[in-house]
Amino acid sequence: MALSRRRFVEVGALASIGGFAIGTGTSTASSTDARDDGRADGEVEVTVRQEPDRAFYWVLPGERRLSPQVFGTAENPRRGSALLESRIEQASGFPEPLDEAVPQLLEDLPFLVAAPEEAREPIEDPDGIAQQKLVEPTLYSDEAAVTSGSFEITYRDRQPYDLRGPPGETDDTVDLDTQFTDPAGNEYELDLDHVIQPPIPGYETGGGVRVGAWHHGMTGTGSPLMPQVYDYAACWGVGDVIVNGEVATEEGFRVIHFMTTQTVRDERYRLAIDEEMPLAPGNTIAGQVHHTHGVVLPIRPTPDGPVFDPVPTAMELPNGETQPFIHAMWEQEEIVEGPFAEWEFPTGDEGSAEDTDDEGGDADIRLLGTAQAWEGAAPTSIEGEANPALRLESGVEYVLVWENGDGLQHNLAIEDANGEDVVATDLMGERGATQTVTFTATEEMAEYYCQVHPESMRGSIEISS
C-alpha cells in the first residue's frame, strides 16, 4: 500500500499518541457509587500541576531515531508495513461504522501503530544505537521551543479495563485546566469534554484513564515511536481547542491525550529510544524522574467514526502551513497526589558530575542562564539585558561566569561565522550552580549560545582589534 494518501505534514502522520472517538456523549459514575468525599469506590486518583514560571516546551515536527529493539533493522524490519496491514485488517472487522472509519484512519495516520519501511532511512547514530530514522516529520521529534505554560490535571481511574460499547461510555473521568503559548506567541487553552476508550486494534487504555501502567514501545498501546514508558497516569478524551480566546474547533472536537510519565527527554532534549531508558535524573533535561505530555491529535470524532482533520493551530511552520497537531511538554511539574508521588531514583547513578564552580571566581563577564534567554549581570553595561552583545578585544583573555537560573540543562558555547564551535562547555543542570569559562577572544568568534536552547539563548560577539 502507499505510505499515505496525503503528504505527511498535511495528514498529521506526525501525530500519534492517543486514540479516537465517535459521538459526543459522556458517562460518569452514578451517585450510588460515590463515597462521601466524592470519590467512587475503588477509584485511584492522581493530581499533577505546574505553575506558570516553570519550564514548558512546544514540540515541533521533526525526524525520529528508531530503536532497533522495537523496529529491527533494514534487513529485518519490525513494526512496519506488515503490522500496519494487519491492524487495518483487524479494524475492518469492527462493527459499523468503525469497520470503515478506523481502517481509513490508519491509512491516513500509519504512525498510530507502525513505522512503514518507506518512511525510513539509514543513519549513523552518535551513540551507536539507532540504525534508522523516520525522515517524515512526526510529533516524536527532538525539535522544540521554550515558551510558557501551566496546567493542573486530576486523573480518576474508576474502570480497570476497556469495555465493549461506544468509546464514550466509561466511568473514568478527568479534570483539566491548562494554558500555554506557541513559539509565535499565540495563546491556547484545552477544554476536555469527556474521556473515551479509543477503538484502535491493540490499544488497551483501561477505560480511558490508566494509572501505573506501561505505554508505547512494544506494548501495543500508543505509537511505537515513543519509547516504552511508565505512566504515573494517562488519559484519552475529546474536547475543544481555544486559540487566542476563540474556540478553534467549532466544526468538531479533537482527540486530547495527556500522560504523566517517567522522563523521556535527555539533557539535550532528545527523545530517548527504548535502549536508552530509563534516564537517570542527571541525564534528563530538568533533573526530574517524571514529566507530563499534552497532545491534541488531528482526529475528529463524527457520528460515522473518527476521521483525520488537522488541529486548527495558529502556529505557522517554515513551509507556510500551520502545525496540524499540538504536543506540549511540562518539564518541572509536581505530582500533588498519587501512587509513587514521593519515589526517588536510586542514588549513585545520576550520570556524569556537573562541572560547577561554587565561588565563580573573578569574572570579567557574568550571565544568568535560563531557557528563555541569557541575562546580563556584569559588567554594568549589560546588566539586565537579554542576550546582550559581548564586546571583546582580540587577543585578550576573558573569564566568563554564568549561573544556572532555572534548573534546566544548559551550557555555553561560542561559534564562528560558519557556525562551527570554537568553545563549548559541559552541560550543567543544577539551579544556582555556576560555571567558569576562560577563553581568549579571537576575530573568528561571532556568537555565544546554549547548545540545548540555541534559538532562545543566543547573543552576538563583537571583536575589536
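On a predicted model such as this, the values are computed, not experimentally measured, just so you know. Sequential numbering from 1 along the given sequence is applied to the chain's residues.
- With hydrogens and angles disregarded, no donor-acceptor distance shorter than 3.5 Å links the side chain of Asp191 to the backbone of Ile242.
- Side-chain contact check for Leu190 versus Val241: some heavy-atom pair is nearer than 4.5 Å.
- Glu447 pairs by the salt bridge (Lys or Arg N to Asp or Glu O under 4.0 Å) definition with Arg458, not counting sequence neighbours.
- In this structure, Leu279 and Ala272 approach most closely via the heavy-atom pair CD1-CB, 4.2 Å.
- Below 30°, between 30° and 60°, or above 60°: for Phe180 and Trp58 the angle between ring planes is between 30° and 60°, a tilted geometry.
- Side-chain N or O atoms of Asp182 include one that pairs as donor or acceptor with a backbone N or O of Ala184 at under 3.5 Å.
- Between Glu333 and Arg49, every side-chain heavy-atom pair lies at or beyond the 4.5 Å cut-off.
- Residues that satisfy the ring pair (Phe, Tyr, Trp, His ring centres under 6.0 Å) test with Phe258, not counting sequence neighbours, are Trp330.
- The shortest non-hydrogen separation linking Leu271 to Ser141 is CB-O, 4.4 Å.
- Nearest heavy-atom pair, Asn283 versus Glu267, reported as atom, atom and distance to 0.1 Å: O-OE1, 2.8 Å.
- No side-chain donor-acceptor contact under 3.5 Å links Arg54 to the backbone of Glu331.
- Counted by atom type alone, Gln435 and Thr425 present one or more donor-acceptor pairs between their side chains at under 3.5 Å.
- Within 6.0 Å of CD on Glu342 lie no more than 12 heavy atoms contributed by other residues, nucleotides or ligands.
- There is no side-chain donor-acceptor pair under 3.5 Å between Gln323 and Thr313.
- The environment of CD in Glu63 is crowded: more than 12 heavy-atom neighbours from other residues, nucleotides or ligands sit within 6.0 Å.
- Across every non-hydrogen atom of Pro224 and Arg79, the tightest pair is CB-CD, 4.0 Å.
- When each of Leu400, Ile414, Ile463 is paired with Leu390, the side-chain contact (heavy atoms from CB on, under 4.5 Å) condition holds for Leu400 and for no other.
- Between Met259 and His216, some side-chain heavy-atom pair lies under the 4.5 Å cut-off.
- No donor-acceptor pair closer than 3.5 Å links the side chain of Asp309 to the backbone N or O of Pro298.
- A donor-acceptor pair under 3.5 Å is formed between the side chain of Asn404 and the backbone N or O of Gly407.
- Two residues are said to be in side-chain contact when any heavy atoms from C-beta on lie closer than 4.5 Å; Val264 and Met226 meet this criterion.
- Ring geometry, Trp374 versus Trp402: the interplanar angle exceeds 60°, so the pair is classed perpendicular (tilted spans 30 to 60°).
- By the neighbour-count criterion of 12 heavy atoms within 6.0 Å, atom CD of Glu443 is sparsely surrounded, having that number or fewer from other residues, nucleotides or ligands.
- Proximity of Ile129 to Pro68: side-chain heavy atoms (C-beta onward) are separated by under 4.5 Å at one or more points.
- A donor-acceptor contact closer than 3.5 angstrom links the side chains of Tyr155 and Thr260.
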Full working for side-chain hydrogen bond (donor to acceptor under 3.5 Å, both in side chains) between His290 and Thr263: CA-CA 5 Å; His290 54 76; Thr263 301; over 6 Å; no
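- Atoms OG and CG, from Ser460 and Asn387 in turn, are 9.0 Å apart once rounded to the nearest 0.5 Å.
- Remark: the backbone N or O of Ala286 is not paired with any side-chain donor or acceptor of Arg265 at under 3.5 angstrom.
- In summary, the side chains of Asp177 and Gln179 do present a donor paired with an acceptor at a separation below 3.5 Å, with no hydrogens or angles considered.
- For the salt bridge (Lys or Arg N to Asp or Glu O under 4.0 Å) test, residues two or more places apart in sequence or in another chain that qualify with Arg270 are Asp125, Asp127, Asp266, Glu276.
- Put simply, the side chain of Arg120 never gets that close to the backbone of Gln132: no donor and acceptor are under 3.5 Å apart.
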Is there a salt bridge (charged side-chain N to carboxylate O under 4.0 Å, His left out) between Lys133 and Glu136? Walk through the geometry before answering. CA-CA 9 Å; Lys133 67 177 180 180; Glu136 302 293 347; over 6 Å; no
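- For the residue pair Gln451 / Asn411, a side-chain donor-acceptor distance below 3.5 Å is found, with atom types taken as modelled.
- Counted within 6.0 Å of CD on Glu462, heavy atoms from surrounding residues, nucleotides or ligands total more than 12; the atom is thus considered enclosed.
- In this structure, CD1 in Ile153 is found 9.0 Å from OG1 in Thr47, a value given to the nearest 0.5 Å.
- Heavy-atom minimum distance, Gly80 versus Ala114: O-CB, 3.4 Å.
- The number of heavy-atom neighbours closer than 6.0 Å to CD of Glu124, taken from other residues, nucleotides and ligands shown, is 12 or below.
- Glu334 contributes no side-chain N or O that, together with a main-chain N or O of Val336, makes up a donor-acceptor pair within less than 3.5 Å.
- Among residues two or more places apart in sequence or in another chain, the salt bridge (Lys or Arg N to Asp or Glu O under 4.0 Å) test is passed with Arg268 by none.
- Within the 3.5 Å criterion, the main-chain N or O of Gln332 finds a donor-acceptor partner in the side chain of Gln50.
- One finds the CZ atom of Phe71 at 10.0 Å from the CE atom of Met218 (value rounded to the nearest 0.5 Å).
- With a 4.5 Å cut-off on side-chain heavy atoms, Pro301 and Pro306 do not count as touching.
- With contacts defined as side-chain heavy-atom distances shorter than 4.5 Å, the pair Val209/Arg156 does not qualify.
- Within a 6.0 Å radius of CZ in Phe340, no more than 12 heavy atoms belonging to other residues, nucleotides or ligands are found.
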Please walk me through it: do Val295 and Phe325 pass side chain to side chain contact (heavy atoms under 4.5 Å, CB included)? CA-CA 7 Å; Val295 177; Phe325 65 85; 5.8 Å; no
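- Looking at residues two or more places apart in sequence or on another chain, you find a salt bridge (Lys or Arg N to Asp or Glu O under 4.0 Å) between Asp231 and Arg210.
- Remark: aromatic rings of His215 and Trp236 are close, center separation under 6.0 Å.
- Residues satisfying the ring pair (Phe, Tyr, Trp, His ring centres under 6.0 Å) criterion with His453, sequence neighbours excluded, are Tyr57, His410.
- With hydrogens and angles ignored, the 3.5 Å screen pairs a side-chain donor or acceptor of Asp364 with a backbone N or O of Val399.
- A centroid separation of 6.0 Å or more is found between the aromatic rings of Tyr232 and Trp343.
- Taking OH of Tyr398 as the reference point, atom CG of Leu392 lies at 5.0 Å (rounded to 0.5 Å).
- Looking only at side-chain heavy atoms (C-beta outward), Glu430 and Gln409 stay at 4.5 Å or farther from each other.
- In this structure, Leu139 CG and Ser223 OG are separated by 7.5 Å, a value rounded to the nearest 0.5 Å.
- In this structure, Ser394 and Ser465 approach most closely via the heavy-atom pair CB-CA, 4.5 Å.
- Expressed to the nearest 0.5 Å, how far SG of Cys450 lies from CG of Leu412 amounts to 8.5 Å.
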